[in-house]
Amino acid sequence: MSMDLNPFCKSTRFAGKKLHLGLGGSVACYKMCDVLRALLRLDIQVSATLSPGAREFVSPLLFRSLGADPVYDEMFTDANVFAHLEPGAQAQAMLIAPASANLLSRLATGSAQDMLSAQFVAFAGPCAIAPAMNPRMWAHKATRENVKTLVEWGASLIPPALGDTACGEQGRGRLADSGEIFLGALRLLAPQDMAGINVLVTLGPTREMWDGVRYWSNPSSGRMGGAIATCCWLRGANVTAICGPGINVFLPEGIERISVNCANEMYNAAKDAWPKANMGFFSAAVADFAPIRPENADDVKIKKAATPGNLEIEFSRNPDILATLSADRGNGQKALGFAAEITPDMQSLLPLARLKLNAKKADVIAANRVNPASGAFGADDGSMAVVDAQGHEEIWQPQSKADIAWELCSWLLRI
């Protein structure tokens, strides 16, 4: 599942938060089981309400058995006559997924005829809605007007996806990817302290081609940069992520994603995006050097049989993205860079990070060990040595890359 491809599936920053989950009548109800599990793994307390339509597809017992507590169904069927008011008094956010056309209509008219719609009317906190229905129903003017009304009231929309629907038709109407819904729920619970901030993130490796099929690269997975980009988005920022090739990380659709291959492409994309950014997180493992390519290199595969002896390749220096853009800062722009070093211990990272900070003229440098046995590339967790231009320095013990991203965002916000 794409939820597992984003480092925030291991975040500790949402423990103890309370979310209310509402399910409308759709065959996609079963998909919310995985979302519920992912939220509970973060120690988020989740209550749930199944609408009458939802109970035609899944049982309240299913969600109770998975850990939702409490789980509501009908109004006024037990001693708790005020159950329709409880989420509004206890939960910090509400997620309605899937939302059928019928449910959208009830919500948009303020109807309180069933438990879920009554809970919605009584809920004043942040709410996100993920519709799911037949594509023609999604395209109908009435549905669009209902969605428009709900968004105008302040609800966040997690748009339906394009593809095959349960009825056998194709189009936009199927429930959004589970990863989108999971991160949409986390965004409801996150502080919006980066709202209005434009953020640039570079992530992943670069590939420097030396003939038509071979390249010079590194094993960066992009998970650290993906965690940073996601963290900034969760906290309300407008995020542009410039992604190197082959990364295996899920980014929400709310992030503008620019895919590049080599260091020069990444530099050009970052240079174009930088003037509009308030903050830059330069986490990409950019190749410092690129092979000097033979003439017509894209059409050539260098043959071993045609190369007697050893193969010699000459390299040229790639542009230094962090140093160049840090030197071109204005209007209060802040730049955070990364350093990957081979050192005997974490303490040895600090002077190296300080040297890089001064050389790159950045605001913050976060350094990590990439010793062969460290397993740093592609790992879910990491350690960091962090220094800034104001003389502060810290060593962080192993923690999830999501939590590292959270702390780095907070650090850059406060300096």
Side-chain angles (χ1 to χ4, degrees), residues 1-21 33-47 66-69 90-95 125-126 128 178-195 199 201 203 221-237 239 248-252 254-255 281 283 336 338 346 364 366-369 374-386 392 394-414:
M1 296 294 292
S2 58
M3 285 180 293
D4 300 324
L5 297 180
N6 188 284
F8 267 84
C9 67
K10 294 188 66 177
S11 172
T12 66
R13 293 302 185 265
F14 297 90
K17 300 286 188 179
K18 296 181 179 180
L19 176 81
H20 186 66
L21 172 63
C33 295
D34 287 330
V35 176
L36 173 60
R37 287 193 188 97
L39 294 170
L40 293 174
R41 281 196 293 267
L42 301 187
D43 289 327
I44 296 171
Q45 300 176 39
V46 182
S47 55
L66 291 176
D69 183 39
Q90 298 178 6
Q92 293 153 303
M94 178 181 284
L95 170 67
S178 296
E180 292 284 348
I181 297 173
F182 169 67
L183 292 176
L186 296 190
R187 197 179 200 209
L188 296 173
L189 297 169
Q192 297 301 289
D193 52 358
M194 297 184 75
V199 173
V201 183
L203 61 141
S221 66
R223 290 184 71 80
M224 186 70 253
I228 291 172
T230 300
C231 181
C232 293
W233 179 81
L234 290 176
R235 294 167 71 165
V239 184
N248 190 28
V249 61
F250 179 86
L251 298 176
I255 291 176
F281 294 84
S283 71
L336 184 151
F338 280 74
M346 289 297 297
V364 180
N368 63 318
R369 297 174 71 228
S374 69
F377 287 118
D380 291 325
D381 303 330
S383 304
M384 281 289 167
V386 187
H392 303 116
E394 293 181 6
I395 291 178
W396 297 344
Q397 296 305 311
Q399 56 187 308
S400 74
K401 289 183 176 178
D403 289 348
I404 291 172
W406 196 277
E407 292 302 321
L408 291 176
C409 288
S410 297
W411 193 314
L412 206 56
L413 275 173
R414 67 176 175 259

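These figures come from a predicted structure and were not determined experimentally. Both backbone and side-chain heavy atoms feed into the values below; hydrogens, waters and symmetry mates do not.
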In Å and rounded to the nearest 0.5 Å, what is the CD to CH2 distance from E394 to W411?
-> 4.0 Å
Between N6 and G226, the two heavy atoms sitting closest are ND2-O, 4.4 Å
Looking only at heavy atoms, the pair that brings N368 and S383 closest together is CB-O, 3.5 Å
Determine, for W233 and R235, whether the Lys NZ or Arg CZ falls below 6.0 Å from the six-membered ring centre while staying within 45 degrees of the axis.
-> no
Starting at OG1 of T230, measure out to CZ of R187 and round the result to the nearest 0.5 Å.
-> 11.0 Å
Expected output: side-chain Q92 to main-chain K18 donor-acceptor under 3.5 Å | yes
How far apart are the closest heavy atoms of V201 and G225, and which atoms are they?
-> CG1-O, 3.7 Å
So, for P126 and L188, which heavy atoms are closest and what is the spacing to 0.1 Å?
-> CG-O, 3.7 Å
Report yes if some heavy atom in the side chain of S400 is under 4.5 Å from a heavy atom in the side chain of P7; otherwise report no.
-> no
For D69, which residues count as a salt bridge (charged side-chain N to carboxylate O under 4.0 Å, His left out) partner, sequence neighbours excluded?
-> none
One should read off an interatomic distance between D193 CG and S410 OG, to the nearest 0.5 angstrom, of 6.5 Å
At what distance, to the nearest 0.5 angstrom, does CD1 of I404 lie from CD1 of I228?
-> 9.0 Å
Side-chain donor/acceptor pairs under 3.5 Å, residues 35-45, sequence neighbours excluded:
unit_1	atom_1	unit_2	atom_2	d
R37	NH1	D34	OD1	3.0

Is the backbone of K401 close enough, under 3.5 Å, to the side chain of K10 for a donor and an acceptor to pair up by distance?
-> no
Evaluate the side-chain proximity of F281 to V239: yes if any heavy-atom separation is below 4.5 Å, no if none is.
-> no
Inter-residue atom distance M346.CE - Q397.CD, 0.5 Å rounding = 7.0 Å
Salt bridge R13-E407, side-chain N to carboxylate O under 4.0 Å | yes
By ring pair (Phe, Tyr, Trp, His ring centres under 6.0 Å), F250 pairs with (sequence neighbours left out) none
Considering non-hydrogen atoms only, spot the tightest contact between G222 and V249 and give its length.
-> O-CG1, 4.1 Å
Gap separating the CG atom of L203 from the CZ atom of F338, nearest 0.5 angstrom | 10.5 Å
Geometric class of the F14/F8 ring pair [parallel <30°, tilted 30-60°, perpendicular >60°] | perpendicular
Over all heavy atoms of both residues, which pair between P252 and L183 is shortest? Give the atoms and the distance, please.
-> CD-CD1, 3.7 Å
